[in-house]
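For reference, the structure discussed in these notes is given below.
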Amino acid sequence: MRPDRLTGEPAHAEEERVILDQTRVPAASTDGHGAPDTGTVADHGSRDTETDNVVEISALLETPWQSGIGIVAPYDFALDRELWRWAPDDVSLYVTRLPFVPVPVTVDQASALSDVDNVARATRDLLAPEPLVVGYACASGSFVHGVEGERRLRESILDAGAPASVTTSGALISALATIDASRIAVVTPYVDSVTERLVSYLAEHDIETVSSVGLGLLNHIWKVAYSEVVQAVRDADRPEAEAVFISCTNVLTYDIIAPLERMLGKPVIAANQVTMWAALRAIGRLPVAHGQHLVDTTDLTAA
């Protein structure tokens, strides 16, 4: 039991009785002829007791504990709510964004988002509420400069003072190892030049991309419908693919991962999923998910 913050004495689990000052219902009046006044509400007698104005709330005086995860996201990140869906009730997310850059979703944008000085500055902005881990939530920004670029991002977060760090692309590699997949199909919203950087990054980790489908988008990626993602996954899948990866943290995927896995008969992992999975795993927790293979097969004792 944690000590009381003010006295240093152990906090006790006690019940509070909260008395709410409720407005009494006015007694009925008449219009002078014995009929009730229609401008008032009749009191049936049972309400005119002291207990009517007492509401008992059973509550522990000790505030429930919260763990925190810091999230460094791109300036155009629009899916905060999706990240929260994987978070347990006692885990809070502290989200901040990288500086705006006036370029479309290209290699140039991904390079700008991977600036380690900006990532370090954003990390320091998150440290006041004391997150247990800070995650860099951008797929392209963490694979655009290959394995070395991803390593620099993780180190910049640690050097800025975070107790632990993860990146989306680093989490992808860990997730593929967890599900034992080394030959995958890839779905991205990107133009070809960005998708090619992802394929090269995977190859550095000895992961073969057996097929890839890119949607060729330069902006507004968060507006891609579930139906478009599902069709792209179908187009990308091959019998030899051991899993399918859906890239970009601005692509909605939470609701379709489990159905896609049932449809394809193989694991499907996604950028936001692996980011939250790795961040939670770093603090000894699991994401909230139903029927998602990566979550269901994760052994925290091996973390």
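- In this structure, the separation between NE2 on H205 and OG on S200 is 12.0 Å, given to the nearest 0.5 Å.
- Here R85 pairs with D255 under the salt bridge (Lys or Arg N to Asp or Glu O under 4.0 Å) rule; sequence neighbours left out.
- With contacts defined as side-chain heavy-atom distances shorter than 4.5 Å, the pair V107/S193 qualifies.
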Checking F77 against T249 for the side-chain contact (heavy atoms from CB on, under 4.5 Å) test, could you report, in this order, the C-alpha distance in whole Å, the side-chain angles of both residues, the deciding distance, and whether it holds?
CA-CA 8 Å; F77 183 65; T249 54; 4.1 Å; yes
Hey, can you pull the donor-acceptor pairs under 3.5 Å for the side chains in residues 229-247, sequence neighbours left out?
from : atom 1 : to   : atom 2 : distance (Å)
Q231 : NE2    : D235 : OD1    : 3.0
D237 : OD1    : K266 : NZ     : 2.8
R238 : NH1    : D235 : O      : 2.8
R238 : NH1    : A236 : O      : 3.2
E242 : OE1    : S182 : N      : 2.7
E242 : OE1    : R183 : N      : 3.1
S247 : OG     : Y190 : OH     : 2.9

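- When hydrophobic clusters are built by joining Ile, Leu, Val, Met, Phe, Trp and Tyr residues whose side-chain heavy atoms come closer than 4.5 Å, directly or via intermediates, I256 is grouped together with I269.
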Please evaluate residues E261 and Q292 with respect to the criterion side chain to side chain donor-acceptor pair (under 3.5 Å), reporting the C-alpha separation (whole Å), side-chain torsions for both, the decisive distance (0.1 Å), and the verdict.
CA-CA 8 Å; E261 290 183 326; Q292 296 181 9; over 6 Å; no
I would like to know whether R197 and V199 meet side-chain contact (heavy atoms from CB on, under 4.5 Å); could you show each step before the answer?
CA-CA 5 Å; R197 293 290 183 104; V199 173; over 6 Å; no
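- No side-chain heavy atom of E82 sits less than 4.5 Å from a side-chain heavy atom of M276.
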Could you walk me through whether L176 and L202 pass side-chain contact (heavy atoms from CB on, under 4.5 Å), step by step?
CA-CA 10 Å; L176 290 172; L202 290 168; 4.2 Å; yes
What's the verdict on side chain to side chain donor-acceptor pair (under 3.5 Å) for S142 and E150, showing C-alpha distance, side-chain angles and the deciding distance?
CA-CA 5 Å; S142 52; E150 192 275 332; over 6 Å; no
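- Salt-bridge formation is not detected for the pair D299/R281: no Lys NZ or Arg NE/NH1/NH2 atom is positioned less than 4.0 Å from an Asp or Glu carboxylate oxygen.
- Under the ring pair (Phe, Tyr, Trp, His ring centres under 6.0 Å) criterion, no residue pair touches residues 274-300, with sequence neighbours excluded.
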Show your reasoning for whether side chain to side chain donor-acceptor pair (under 3.5 Å) applies to T195 and S212.
CA-CA 8 Å; T195 300; S212 66; over 6 Å; no
Report the C-alpha distance between V194 and D192 in whole Å, list the side-chain angles of each, state the deciding distance to 0.1 Å, and finish with yes or no for side-chain contact (heavy atoms from CB on, under 4.5 Å).
CA-CA 5 Å; V194 180; D192 289 346; over 6 Å; no
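- A perpendicular orientation is assigned to the rings of W86 and Y254, their planes being inclined by more than 60° (bins at 30° and 60°).
- In this structure, CG in D296 is found 8.0 Å from OG1 in T298, a value given to the nearest 0.5 Å.
- Evaluation of the salt bridge (Lys or Arg N to Asp or Glu O under 4.0 Å) rule for D90 yields R285 as partners, not counting sequence neighbours.
- With rounding to the nearest 0.5 Å, the separation of CD in Q273 from CG in L294 is 5.0 Å.
- One distance of note links OG of S114 with CD of Q109; it measures 10.5 Å at 0.5 Å rounding.
- For E155, the side-chain hydrogen bond (donor to acceptor under 3.5 Å, both in side chains) partners two or more places apart in sequence, or in a different chain, are R151.
- Residues L252 and V95 fall within the same hydrophobic cluster, defined by Ile, Leu, Val, Met, Phe, Trp and Tyr side chains chained together at heavy-atom separations under 4.5 Å.
- Other members of the cluster containing Y94 are V72, Y75, L98, F100, V101, V103, L113, V116, V119, L126, V134, Y136, L153, I157, with ILVMFWY side chains joined at under 4.5 Å, either directly or via other members.
- L264 and I179 fall within a single hydrophobic cluster, where Ile, Leu, Val, Met, Phe, Trp and Tyr side chains are chained together by heavy-atom contacts under 4.5 Å.
- Cluster annotation: L83 is connected to I283 through the hydrophobic network of ILVMFWY side chains, with a link wherever side-chain heavy atoms come within less than 4.5 Å.
- Exactly one residue among N272, V105, I221 makes a side chain to side chain contact (heavy atoms under 4.5 Å, CB included) with N250. That residue is I221.
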